[in-house]
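Ligands are counted one by one from 1 in listed order, and the atoms in each one are counted from 1 as well.
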Amino acid sequence: MQRRVFSGIQPTGSLHLGNYLGAIQNYVALQDGYEAIYCIVDQHALTIRPDPQELRANVFEAARTLLACGLEPKRCTVFVQSHVPAHTELAWILSCVTSFGDLSRMTQFKDKSDQAESKGEFVSAGLFGYPVLQTADIVLYKAAVVPVGEDQVQHIELAREVVRRFHTVYGELFVEPQALLSPAKRILGLDGQFKMSKSRGNEIGLLEPAESVKKKLAVAKTDEKRKRRQDPGEPNDCNIYSLHQYVTDRAEVARIETECRRAGIGCVECKGILGASVERIAGPIRARAAELDAQPEIVRSALKEGAVKANEIAQKTLGEVRERVGLR
Ligand code: TRP
């Protein structure tokens with residue numbers, strides 16, 4: 001049997017370049033050589049209580065973008081979490097072998113619960129149990145490899161701990177998952193300060209028209225010590241340069257680095273090259289997304305097919321789990 005890869009992606013609306021470079025690009029590559037399973041985690045999304053209409057639309061939008069990026073239903077499984085009921089049932093069972101203390105130490109939980117409290121909102125039990133559902137997602141498929149961003153490594157470590165505790169109590173059954181970081185670990189947004197994210201509004205949308213990307217780049221920060229065109233710049237203090245490293249070819253990046261240091265290239269020109277590099281990636285994705293927009297049934301049937309394949313595996317594992325824990 002081929003080794004299994006599993007990852008989950010939040011349906012947060014339109015996906016951005018950071019999602020692509022940090023995760024989706026890796027998903028596409030892993031279709032070869034692994035049995036790859038990718039899940040749009042709509043139940044995780046409920047922890048931020050999105051508008052129901054919006055959630056529905058976002059799930060479809062995520063699926064359309066994933067397919068446009070090159071996930072092919074013939075080479076992998078793409079499905080929606082809530083279409084496979086085994087996830088939540090397993091999450092409950094696993095929550096009974098998950099330590100309250102461990103969950104309290106999750107930095108994502110601490111950040112999000114601090115945010116909620118500072119806004120005077122309550123902290124939901126769903127937010128607290130989020131990593132348990134994530135563990136269930138992964139281990140239902142006995143996935144060995146989980147491509148994620150750096151911020152998810154702690155959750156994968158927790159998943160390993162939960163698996164070990166389950167095994168100690170009930171005997172071996174699952175596979176201990178391993179996080180696989182993409183080379184592009186932390187893509188900063190156009191503010192050059194925070195991780196690229198839609199909620200920060202510092203993103204380059206994957207389906208954003210080239211003109212709009214150009215406008216955003218025009219006002220994006222560069223090396224702030226470089227005040228005039230004739231001043232030399234320091235590429236390592238420039239977020240535009242750091243983005244180049246992920247999208248522009250090597251020789252060109254090397255040239256930009258040298259030229260920036262001796263004021264041989266200005267920020268405007270450098271941003272122009274970045275815009276072109278982004279377009280080389282995003283252009284074809286946008287074109288395929290437009291085709292899928294005209295034929296939404298292709299997206300819907302991919303998700304349907306994905307749910308059938310996922311349910312088959314998930315039901316089998318869940319059957320084994322029920323048996324082990326005495327629910328049968
Ligand atoms: N928590 C992940 C994120 O925010 C999404 C996710 C849910 C996930 N289930 C998963 C990632 C399982 C990997 C494996 O990005």
Side-chain angles (χ1 to χ4, degrees), residues 3-13 15-16 18-27 30 34-48 50 55 58-59 62-63 65-66 71 76-84 86-91 94-95 98 103 106-113 115 124 126-163 174-182 184-187 195-200 203 306 310 313-314 317:
R3 288 226 296 171
R4 226 175 242 157
V5 163
F6 181 97
S7 195
I9 191 158
Q10 289 252 16
T12 49
L15 297 172
H16 55 68
N19 298 129
Y20 181 76
L21 299 173
I24 303 171
Q25 204 174 28
N26 225 2
Y27 294 180
L30 290 166
Y34 288 92
E35 181 187 347
I37 304 177
Y38 301 117
C39 178
I40 298 167
V41 293
D42 56 347
Q43 288 164 320
H44 277 110
L46 283 182
T47 56
I48 55 165
L55 177 57
N58 286 350
V59 167
T65 312
L66 289 173
L71 292 189
C76 70
T77 300
V78 184
F79 74 103
V80 179
Q81 190 180 35
S82 66
H83 296 179
V84 181
H87 290 243
T88 47
E89 184 175 339
L90 182 60
L94 293 179
S95 74
T98 303
L103 281 179
M106 293 293 112
T107 54
Q108 185 171 308
F109 171 70
K110 285 196 277 186
D111 290 348
K112 289 195 178 173
S113 57
Q115 272 173 35
S124 74
L127 197 60
F128 188 67
Y130 180 114
V132 184
L133 181 57
Q134 182 165 351
T135 301
D137 294 342
I138 300 166
V139 304
L140 254 185
Y141 302 92
K142 302 186 179 176
V145 178
V146 186
V148 282
E150 218 165 26
D151 62 329
Q152 293 299 312
V153 170
Q154 198 186 29
H155 286 168
I156 309 305
E157 288 302 319
L158 178 90
R160 295 167 64 86
E161 181 58 31
V162 171
V163 165
F174 299 118
V175 172
E176 261 188 58
Q178 201 119 41
L180 176 71
L181 290 178
S182 87
K185 285 201 200 83
R186 190 158 178 267
I187 309 292
K195 187 178 148 178
M196 189 177 284
S197 81
K198 224 192 145 201
S199 57
R200 293 254 182 219
E203 85 282 10
I313 304 170
T317 307

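Note: Y141 and H87 have tilted aromatic rings, judged against thresholds of 30 and 60 degrees for the angle between ring planes. By the 30° and 60° cut-offs, the orientation of the rings of Y130 relative to H44 is tilted.
With sequence neighbours excluded, the residues that form a salt bridge (charged side-chain N to carboxylate O under 4.0 Å, His left out) with E161 are R164, R165. Partners of Q152 under the side-chain contact (heavy atoms from CB on, under 4.5 Å) rule, at least two apart in sequence or in another chain, are Q108, Q134, V148, H155. V175 meets the side-chain contact (heavy atoms from CB on, under 4.5 Å) test with K142, A144; sequence neighbours excluded.
Rounding to the nearest 0.5 angstrom, the gap separating the CD1 atom in I24 from the CG atom in L15 is 4.5 Å.
At a 4.0 Å heavy-atom cut-off, the residues surrounding ligand 1 are F6, S7, G8, Q10, V41, H44, Y130, Q134, D137, I138, V146, V148, Q152, listed by chain and number.
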